There are 2 protein chains.
Amino acid sequence: MDLETLAKRLDSLGNVTRLSVFRALVRAGRDGAPVGYLQRRLGVPGSTLSHHLRKLIEVGLVTQERQATTLICRADFEAMNETLGFLGNECCRDLPLCAAGAEEDDRRDVA
Amino acid sequence: MDLETLAKRLDSLGNVTRLSVFRALVRAGRDGAPVGYLQRRLGVPGSTLSHHLRKLIEVGLVTQERQATTLICRADFEAMNETLGFLGNECCRDLPLCAAGAEEDDRRDVA
DNA sequence: GCGGTATTTCTAGATTTACCGAAATACAAG
DNA sequence: CTTGTATTTCGGTAAATCTAGAAATACCGC
């Protein structure tokens with residue numbers, strides 16, 4: 001995963017509505033939840049919700065599967081874990097002092 | 001930390017330039033790095049960099065300390081760990097199957 | 001106080017975003 | 001093939017964001 005992808009994913013979660021959607025999906029677990037459920041639960045107009053869902057899908061954090069007339073949405077746990085892992089590597093999760101060590105794999109890219 | 005704060009922090013990292021700035025600061029470690037260093041390293045105009053830095057500071061992920069004419073910037077590791085932790089709790093870091101368990105502390109809020 | 005370096009604020013244009021009602025599409029049931 | 005439910009696309013507006021040059025500010029050394 002490159003920086004751009006990471007930034008896009010973070011951006012997609014950087015909005016209260018979308019973060020709420022994602023959280024609701026995480027809590028819905030592997031089974032996921034229909035768009036309508038999210039709509040009722042979050043009280044967001046359908047068009048708005050659809051707009052936000054698209055963003056989450058674009059960056060790979062959410063998937064959709066059609067079941068007859070309803071669309072089941074699911075949080076992509078693998079993608080999320082990958083994202084968190086990447087961010088954690090960059091940002092030294094729970095080891096503030098690892099900053100020096102982190103520089104060792106710093107030689108590749110520019111930014 | 002509430003959802004709004006979390007969203008703001010994620011949003012602040014959801015931009016390639018800012019994410020690069022933050023990463024550079026993480027790698028600079030506890031000592032931090034001057035604005036000028038970031039400017040040269042990232043090749044971003046001062047005014048643009050300043051604008052992005054302000055955002056990171058606003059959400060508490062970066063701090064600044066004046067040393068004579070130069071401003072030292074530092075990643076706030078504690079804030080970042082807090083953020084990652086919170087996100088991890090919500091999103092079941094490395095335990096996709098914990099979704100069911102996560103619902104147990106789901107009864108409090110609306111979204 | 002003057003000169004010089006470091007950094008921010010001001011300003012402004014281009015782009016993107018969030019929002020949501022109305023209309024359109026997808027699909028199942030009868 | 002009509003009706004009803006689920007969801008998206010369309011259209012348009014208001015607000016926020018990114019970008020960067022130019023001017024202003026902060027601070028040190030002399």
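What you see is a predicted model, and the numbers here were worked out from it, not measured in a lab.
- What separates CG of A:L56 from P of C:dT17 is a distance of 13 Å, to the nearest Å.
- You'll find the side chain of A:N15 reaches within 4.5 Å of the side chain of A:H52, heavy atoms only.
- Spacing between atom CD of A:Q39 and atom P of D:dA6 amounts to 9 Å, rounded to whole angstrom units.
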CA sep, side-chain torsions, deciding dist, call: B:R66, B:I72, side-chain contact (heavy atoms from CB on, under 4.5 Å): CA-CA 6 Å; B:R66 178 134 235 152; B:I72 305 293; over 6 Å; no

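- Between the P atom of D:dT8 and the CD atom of A:E58 lies a distance of 13 Å, rounded to the nearest Å.
- Summarising the geometry, the separation between CD1 on A:I72 and P on D:dT8 is reported as 12 Å, rounded to the nearest angstrom.
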Would you mind building the protein contact string for nucleotides 18-30 of chain C? One character per nucleotide, 5' to 3', B for base within reach (heavy atoms under 4.0 Å), S for sugar-phosphate only, - for untouched. BSBBB---SBS--

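- B:S50 comes within contact range of at least one nucleobase, with a heavy-atom separation under 4.0 Å.
- The separation between B:L53 atom CG and C:dT7 atom C1' is 10 Å, rounded to whole Å.
- Shown here are the salt bridge (charged side-chain N to carboxylate O under 4.0 Å, His left out) partners of A:E4, two or more places apart in sequence or in another chain: there are none.
- Looking at A:L53 and A:C73, their side chains come closer than 4.5 Å, going by heavy atoms from C-beta outward.
- Separating the CD atom of A:E65 from the P atom of D:dT8 is a distance of 14 Å, rounded to the nearest angstrom.
- When the options A:L56, A:T83, A:V62, A:I57 are evaluated for a side-chain contact (heavy atoms from CB on, under 4.5 Å) with A:S12, the one that passes is A:L56.
- If you check every strand for non-hydrogen atoms under 4.0 Å, A:G36 touches sugar and phosphate atoms only.
- Remark: A:E82 pairs with A:R9 by the salt bridge (charged side-chain N to carboxylate O under 4.0 Å, His left out) rule, at least two apart or across chains.
- For A:Q64, no side-chain nitrogen or oxygen approaches OP1 or OP2 of D:dT7 to under 4.0 Å.
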